[in-house]
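A quick write-up on the structure given underneath.
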Amino acid sequence: MTPEELAAEVRGCVVTLQAEGALTGELPDDVVIERPKNRDRGDYATPVALTLAKSAGRPPREVAALIAGRLAEAEGIDEVDVAGPGFINIRLAADAQGALASQVVEAGADYGHGSLLAGRRFNVEFISANPTGPIHLGHTRWAAVGDALARVLAASGAEVSTEFYINDRGVQMDRFGASVMAVAHGGPVPEDGYHGAYITDLAARIVAEHPEFLTLPAEEELVAFREAAYSLQLAEQQQVLELFRTHFDTWYSERSLHESGAVERGMARLREQGHVFELDGATWLRTTDFGDDKDRVLVKADGELTYFASDTAYYVDKRTRGFTTSIYLLGADHHGYVNRLRAVAACAGDDMDVSVEVLIGQLVKMMRDGQEVKLSKRAGTLITLEELVEEVGVDAARYSLIRYPVDSPLTLDLDLLVQRTNDNPVFYVQYAHARVSSVMRNAADLGIDWRSQGYDPALLVHEREGELLRALAEFPAVVASAAELREPHRVPRYLESLATAYHRFYDVCRVLPRGDEPTEPIHLARLWLCAATRQVLANGLALCGVTAPDRM
RNA sequence: GCGCCCGUAGCUCAACGGAUAGAGCAACCGGUUUCUACCCGGUCGGUUGGGGGUUCGAGUCCCUCCGGGCGCGCCA
């Protein structure tokens with residue numbers, strides 16, 4: 001019996017009692033089922049009587065007693081009692097709990113997936129760096145978290161599309177092109193230009209392929225270098241992100257937004273809604289109608305479109321493409337954008353609480369040799385995603401970036417990430433998977449065909465077996481809450497607790513027969529439990545985009 | 001000045017409004033005759049920055065103060 005099934009059972013008891021007139025009051029939408037920290041209190045507990053007591057107009061313990069009496073008769077439930085202020089503690093029958101192992105194995109890769117967000121269409125936009133340099137540490141958190149968030153949303157039944165907005169328009173592109181061009185001529189990088197070895201590399205590659213660029217008239221040459229460098233740099237970003245297992249369904253060019261007429265369409269939409277006005281020769285959007293602290297300029301007095309104009313058009317374009325919700329992942333240095341992005345949605349006639357969600361993440365720092373690594377794009381001392389991956393590997397990098405809530409600052413300790421200790425929890429979790437895999441391998445070597453023989457779920461009565469089963473049962477709720485709260489870090493945190501539950505089980509519960517012993521029913525039951533554990537570890541790691549190794 | 005985020009064990013950090021706030025690391029003490037010891041158990045460690053409030057119940061929600069980070073362009 002899963003917590004979800006138990007919740008339904010509790011709800012059923014309350015509904016029945018109400019139908020009989022034994023109980024009144026408002027039943028909450030969600031019947032909370034929790035795992036008591038103290039095992040003496042049972043396998044599960046629910047505070048439903050506490051929440052019900054007020055509207056029922058009766059003492060919580062009395063309400064609890066009524067529900068408990070009914071619940072005790074339900075199938076699969078061994079023991080029910082009322083404790084404390086009115087908690088109902090529940091102990092499951094061993095077979096009802098043990099049956100979960102086969103449920104997990106049969107569900108396979110789908111176990112943990114649900115339909116909480118079915119019908120929703122999300123556009124998840126993250127990184128969206130200028131194509132003027134490599135993906136660096138500042139983008140890396142979003143690469144991992146955005147990708148994991150997309151996976152978690154999809155696992156909850158939503159339709160999800162990941163998107164990278166390429167800021168390929170504007171003065172930064174010209175500065176980039178000018179920098180590469182200058183270096184190609186052997187000169188210094190201009191003021192406000194881009195520095196770093198990658199500029200030299202780009203220049204060399206472009207000159208090697210197109211020596212004729214150097215003889216073009218200055219203006220044409222700048223365009224030629226800019227476009228060639230853009231193309232190479234974008235390809236490099238795409239390649240590195242794929243290496244990082246962060247896939248984007250769409251790479252959306254800001255230029256294309258302008259070329260396709262999306263800007264005009266977006267502007268027209270805003271005008272229709274009546275939030276555009278002219279002042280001092282400029283065109284404005286009245287975002288203050290919807291909580292922004294000042295109105296924003298769309299078209300400058302000199303006729304140039306602002307970056308904000310692109311943003312609004314881009315939002316409207318996403319809506320036109322059918323997304324019900326646009327999620328933006330932004331760094332803390334962009335938190336000032338939240339209100340204006342929400343206001344844009346409202347100005348376009350949408351419900352800003354549904355159509356726009358902004359996740360603000362604190363910036364990432366890095367430690368090496370016990371010292372903070374100072375990063376500066378200008379000085380060319382930034383750490384790139386590629387370098388990070390070379391130093392610690394994709395698995396460790398992704399996992400450690402996903403494992404923290406985005407609103408808490410994060411410091412990556414590079415020395416620690418390469419160590420195989422519990423400070424680097426990805427190894428702890430992966431090791432658990434490798435350990436289970438090893439047991440399954442040995443079972444196969446012994447010729448035990450656990451799968452076709454089935455098992456008796458009532459045999460899984462050891463305390464550690466129960467703990468492991470309950471940990472496995474938790475997974476679907478973890479995935480659902482990670483998706484609903486947009487907090488993918490819940491998945492790795494859960495995996496660590498599952499790994500602990502498995503190690504504790506393994507420590508005291510012998511899975512395979514020793515030596516010449518025959519295969520007993522308990523061995524089969526434990527093999528099913530192992531198979532289920534392996535599946536959940538693999539499913540959870542997959543949501544993180546981290547590999548689940550069979551050997552380590 | 002205004003706005004957003006953060007403040008939890010010596011350190012790094014957890015904790016859908018639920019019972020006695022938890023892990024890892026560090027420190028100390030233990031555990032394996034055979035499935036991966038990269039593991040497991042134990043000890044030590046807290047006024048959840050301070051103060052008020054909301055309620056059956058607050059680390060969590062509201063107010064206020066203190067401390068830290070970031071942002072407040074007809075820039076991109």
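A, B, ... follow the sequence lines: proteins, then strands. Residue 1 opens every chain.
In this structure, Gln237(A) contributes its side chain and Asn130(A) its backbone to a donor-acceptor pair below 3.5 Å. Ser179(A) places a side-chain N or O within 3.5 Å of a backbone atom of Tyr194(A) that can act as its donor or acceptor partner. Counting only distance, with no hydrogens or angles, the side chain of Arg510(A) and the backbone of Leu512(A) share a donor-acceptor pair below 3.5 Å. With hydrogens and angles ignored, the 3.5 Å screen pairs no side-chain donor or acceptor of Arg286(A) with any backbone N or O of His275(A). A donor-acceptor pair under 3.5 Å links the side-chain atoms of Arg398(A) to the main chain of Cys544(A), judged by distance alone.
Within the structure, no pair that satisfies the salt bridge (charged side-chain N to carboxylate O under 4.0 Å, His left out) test touches residues 425-443 of chain A, not counting sequence neighbours. Applying the salt bridge (charged side-chain N to carboxylate O under 4.0 Å, His left out) test to residues at least two apart or on different chains, the pairs with a partner in residues 47-61 of chain A are Arg58(A)-Glu62(A). The stretch residues 294-308 of chain A participates, sequence neighbours left out, in these side chain to side chain donor-acceptor pair (under 3.5 Å) pairs: Asn167(A)-Tyr307(A), Thr288(A)-Asp295(A), Asp292(A)-Arg296(A), Asp293(A)-Arg296(A). A salt bridge (charged side-chain N to carboxylate O under 4.0 Å, His left out) check over residues 519-536 of chain A, counting only residues at least two apart or in different chains, returns the pairs Glu465(A)-Arg526(A), Arg534(A)-Asp550(A).
Using a 4.0 Å cut-off on heavy atoms, the residues of residues 473-499 of chain A that approach RNA chain B are His489(A), Arg490(A), Arg493(A), listed by number.
Tyr165(A) is linked by a side-chain hydrogen bond (donor to acceptor under 3.5 Å, both in side chains) to nothing, counting only residues two or more places apart in sequence or in another chain. Residues satisfying the side-chain hydrogen bond (donor to acceptor under 3.5 Å, both in side chains) criterion with Tyr399(A), sequence neighbours excluded, are Glu496(A). Legend: residues meeting ring pair (Phe, Tyr, Trp, His ring centres under 6.0 Å) with His335(A), ordered by chain and number and at least two apart, are absent.
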Contacts table for residues 44-53 of chain A: side-chain donor-acceptor under 3.5 angstrom, sequence neighbours left out:
unit_1: Thr46(A); atom_1: OG1; unit_2: Val32(A); atom_2: O; d: 2.8
unit_1: Thr46(A); atom_1: OG1; unit_2: Val48(A); atom_2: N; d: 3.2
unit_1: Thr51(A); atom_1: OG1; unit_2: Val48(A); atom_2: O; d: 2.8

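In this structure, Asp280(A) reaches the bases: a heavy-atom distance under 4.0 Å links it to at least one base atom across the strands shown. Asp550(A) comes within 4.0 angstrom of a base, heavy atoms only. Using a 4.0 Å heavy-atom criterion, one finds that Asp311(A) contacts no nucleic acid atom at all. Across all strands, Pro513(A) comes closer than 4.0 Å to no nucleic acid atom at all (heavy-atom distances). Heavy atoms of Ala443(A) sit nowhere under 4.0 angstrom from any nucleic acid atom. No contact: Ile33(A) has no heavy atom under 4.0 Å from any strand. Within 4.0 Å of Gly170(A), counting heavy atoms only, lie sugar-phosphate atoms of the nucleic acid but no base atom.
Residue Ile88(A) contributes atom CD1, which lies 17 Å from atom P of rG18(B) at whole-angstrom precision. Straight-line distance from the CE atom of Met440(A) to the C1' atom of rU36(B): 15 Å, rounded to whole Å. Between Lys300(A) atom NZ and rC75(B) atom C1' the separation is 7 Å, expressed in whole Å. Here rG41(B) presents its C1' atom at 13 Å from CD of Glu463(A), a figure rounded to the nearest Å. In this entry the distance linking CD1 of Ile402(A) with C1' of rC13(B) reads 17 Å, nearest Å. In this structure, Leu410(A) places its CG atom 18 Å from P of rG69(B), rounding to the nearest Å. Between Asp168(A) atom CG and rA76(B) atom P there is a gap of 14 Å when expressed in whole angstrom units. Atom OH of Tyr44(A) and atom P of rG18(B) are 18 Å apart (whole Å).
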Next on the checklist: One pair to check against ring pair (Phe, Tyr, Trp, His ring centres under 6.0 Å): Tyr506(A) and His503(A). What are the steps and the verdict?
Outcome noted: CA-CA 5 Å; Tyr506(A) 181 92; His503(A) 289 313; 7.7 Å; no
Next on the checklist: Run the ring pair (Phe, Tyr, Trp, His ring centres under 6.0 Å) test on Tyr428(A) and Tyr431(A) for me, step by step, so that the C-alpha distance in whole Å, both residues' side-chain angles and the decisive distance to 0.1 Å come before the verdict.
Outcome noted: CA-CA 5 Å; Tyr428(A) 182 76; Tyr431(A) 178 68; 8.2 Å; no
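When distances run from any side-chain atom of His503(A) to the nucleotides rC13(B), rG18(B), rC39(B), the shortest one goes to rC39(B). For Val297(A), the listed nucleotide lying nearest its side chain is rC74(B); candidates were rA76(B), rC74(B), rC5(B).
Nearer the 5' end of RNA chain B, as judged by each residue's closest nucleotide, is the contact made by Ala434(A), out of Ala434(A) and Leu305(A). Of the two residues near RNA chain B, Arg551(A) and Val32(A), the one whose nearest nucleotide lies more 5' is Val32(A).
Pairing of rG7(B), defined by two Watson-Crick or G-U wobble distances under 3.5 Å, is identified with rC66(B). For rG57(B), there is no paired nucleotide, since no Watson-Crick or G-U wobble pair has both relevant distances below 3.5 Å. In this structure, rA27(B) forms a base pair with rU43(B), meeting either the Watson-Crick or the G-U wobble geometry with both donor-acceptor distances under 3.5 Å. Under the Watson-Crick or G-U wobble criterion, with both distances below 3.5 Å, rG71(B) is paired with rC2(B).
Atom name P, nucleotides rU48(B) and rA19(B): the rounded distance is 15 Å, in whole Å. To the nearest whole angstrom, the two C1' atoms, one in rG68(B) and one in rU8(B), are 16 Å apart.
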Item to check | Heavy-atom protein contacts under 4.0 Å, nucleotides 29-35 of chain B, coded B base, S sugar-phosphate only, - none | outcome: --B--SB
Next on the checklist: Strictly under 4.0 angstrom, non-hydrogen atoms only: write out the protein contact profile of nucleotides 54-63 of chain B, one letter per nucleotide from the 5' end, B, S or -.
Outcome noted: -SB-------
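Ser128(A) and Tyr252(A) form no side-chain donor-acceptor contact under 3.5 Å, judged by distance and modelled atom types alone.
Among all heavy-atom pairs drawn from Ala282(A) and Val297(A), the shortest one is CB-CG1, 4.2 Å.
Distances shown here put every side-chain N or O of Lys365(A) at or beyond 4.0 Å from the OP1 or OP2 atom of rU12(B). For Ser408(A), no side-chain nitrogen or oxygen approaches OP1 or OP2 of rG69(B) to under 4.0 Å. Dashed line: the shortest gap from a side-chain N or O of Tyr428(A) to OP1 or OP2 of rC40(B) is under 4.0 Å.
With centroids closer than 5.5 Å and planes inclined by less than 30 degrees as the test, Phe87(A) and the base of rA19(B) pass as a stacked pair.
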For nucleotides 70-73 of chain B, which of its nitrogen or oxygen atoms have a protein nitrogen or oxygen under 3.5 Å away, and what is each distance?
unit_1: rC70(B); atom_1: O2'; unit_2: Ala332(A); atom_2: O; d: 3.0
unit_1: rC72(B); atom_1: O3'; unit_2: Lys294(A); atom_2: NZ; d: 3.1
unit_1: rC72(B); atom_1: O2'; unit_2: Lys294(A); atom_2: NZ; d: 3.4
unit_1: rG73(B); atom_1: OP2; unit_2: Lys294(A); atom_2: NZ; d: 3.2

